[in-house]
Student: 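Handing you a structure now.
We number each residue from 1, following the sequence as shown. This one's a predicted model, so the numbers in the text were calculated from it and none came from an experiment. Order of listing sets the numbers, starting from 1, for every ligand and every atom in it.
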Amino acid sequence: MTTLIINIKELLGTREQSVLLRGEALAILPSIENAFILVEDGLIVDYGAMTELDIKVPNKPTVILDVAGQMVLPAWCDSHTHLVFAKSREDEFVDKLKGKSYADIAANGGGILNSARVLNDTSEETLFQQAMVRLKEASLMGTGAIEIKSGYGLSVEGELKMLRVIKRLKQQSDLCIKSSFLAAHTFPPAYKENHEGYINSIIFEMLPVIAAEKLADYIDVFCEEGFFSVEEMETICKAGAAYGLKPKLHVNQLNSIGGVAAGIGLGAISLDHLETMTNKDIKELAISDTIGTLLPTAAFFLRMNYQPARQLIDAGAAIALASDYNPGSSPSANMNFVVALSCIQMKLLPEEAINAATINGAAAMELMDEVGSISIGKKANLIFTKPIPSIAYLPYSFGHHLIDKIMINGIFV
Ligand code: NIG
Ligand code: FE
């Protein structure tokens, strides 16, 4: 099926070459005013200015869509989520509003362990159905590619169940999906005093099955004081590497304990969170090939300091933006709000935020050849805005519903 979309007020993120953006390049969002885009069998096959239309597309297809006044940009690439979970945790949220601390909640079996308990009691089918609904919601908010983690199983059966759910989502959803194995999210109660035992279970019981069933693309570890140490992260990632799993890691959310340097040393595709960064961490990340994935809605929800985005960009680090969608620290998959918040609170320019949430997000999932920009041959994953005066209006008018429609693989959602 071929669709010609004409009279686009501005077509944003047009790129002949897709490269990871860093430094000043992050602020450059190439665009064409008064543009067209031609979509065939789910892919972008041509685009350009309306003045070139008759030359570039001499034979017009039967389906022509006039979107006068609308802007079109690549769909969001959300490179860090925990979208598969069994139950929301608004009860803990209210307890915290009433004054309970995170430690109180954790001591009562709350937090990640709460999610793990419920998940282990929930069937694969139910988890799949719930996750499919959330994926649909995310796509209606403009997300076209997404990474999803395990990490609420914390048992052999639970982790494999989560990853099998993600595999089914990959097969049945139109979105581009990558999966990460995060059994090292926290230590389950039975292994609280026996870290080696749990790590052995990850390495010898979970990883071989994951590799045999091709259940994960990446390996993740929550490297923080009170969770996994740098050494434990290295042990787990090296075992993952033996099965071809590259690391995408949770580091420096709460403390700077050496996770950045170690993650870079392990060849991590991305290091995610980064609320707590020393100058040394920033410098090391800036000169590396590893992407820093910032999760500002987690900082917002937990009332923490935001990530030092400006320092990272100015130092030359490659950054991406993601939602961290999960029931505990970021119960929202809304990338529009992530983009707005990063401008409002971290002083990203609108162009920087959009690039970080599209092309650099795609890079953080190694999907730069498929999504993240308006390029010939890439998937037609597109956001059509309502009539807006300029692209800066998107983060400026935060919380407003400014999307008119979403196209995924050439089909309107
Ligand atoms: O990325 N920080 C670790 N994991 C999640 C939160 C998990 C939870 O509270 O359920 C995060 O923020
Ligand atoms: Fe996370």
Student: Between Arg89 and Glu92, does at least one N-O distance fall below 4.0 Å, as a salt bridge requires?
Tutor: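 Yes, this pair counts.
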
Student: Can an N, O or S atom be found in His273 less than 2.8 Å away from the Fe ion (ligand 2)?
Tutor: no

Student: For ligand 1, what is the set of protein residues having any non-hydrogen atom at a distance below 4.0 Å?
Tutor: His80, His82, Arg89, Ile112, Tyr152, His185, Phe222, His250, Gln253, His273, Asp324, Asn326, Gly328, Ser329

Student: Any salt bridge linking Glu159 with Lys149? Criterion: basic side-chain nitrogen under 4.0 Å from a carboxylate oxygen.
Tutor: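 Looking at Glu159 and Lys149, the cut-off is not met.
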
Student: Can the ring centres of Phe227 and Phe187 be said to be less than 6.0 Å apart?
Tutor: no

Student: May I ask you to say whether Lys167 pairs ionically with Glu213, meaning some side-chain N is under 4.0 Å from a carboxylate O?
Tutor: no

Student: Only N/O/S atoms count here: what is the atom of His80 closest to the Fe ion (ligand 2) called?
Tutor: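 Among the N, O or S atoms of His80, the one closest to the Fe ion (ligand 2) is NE2.
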
Student: I'd like to know if Lys386 and Asp404 make a salt bridge, using a cut-off of under 4.0 Å between side-chain N and carboxylate O.
Tutor: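 Not counted as a salt bridge, because no side-chain N and carboxylate O are separated by less than 4.0 Å.
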
Student: With under 30° as parallel and over 60° as perpendicular, where do the rings of Tyr198 and Tyr191 fit, or are they tilted in between?
Tutor: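 Tyr198 and Tyr191: tilted rings.
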
Student: Quick check: does any side chain N or O of Asn108 sit under 3.5 Å from a backbone N or O of Gly110, one acting as donor and the other as acceptor?
Tutor: no

Student: Would you mind naming the N, O or S atom of His250 nearest to the Fe ion (ligand 2)?
Tutor: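 Distance check against the Fe ion (ligand 2) picks out NE2 in His250.
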
Student: What's the verdict on salt bridge (Lys or Arg N to Asp or Glu O under 4.0 Å) for Arg310 and Glu352, showing C-alpha distance, side-chain angles and the deciding distance?
Tutor: CA-CA 10 Å; Arg310 277 266 56 95; Glu352 290 176 321; 2.8 Å; yes

Student: Answer yes or no as to whether an N/O/S atom of Asp324 is found below 2.8 Å from the Fe ion (ligand 2).
Tutor: yes

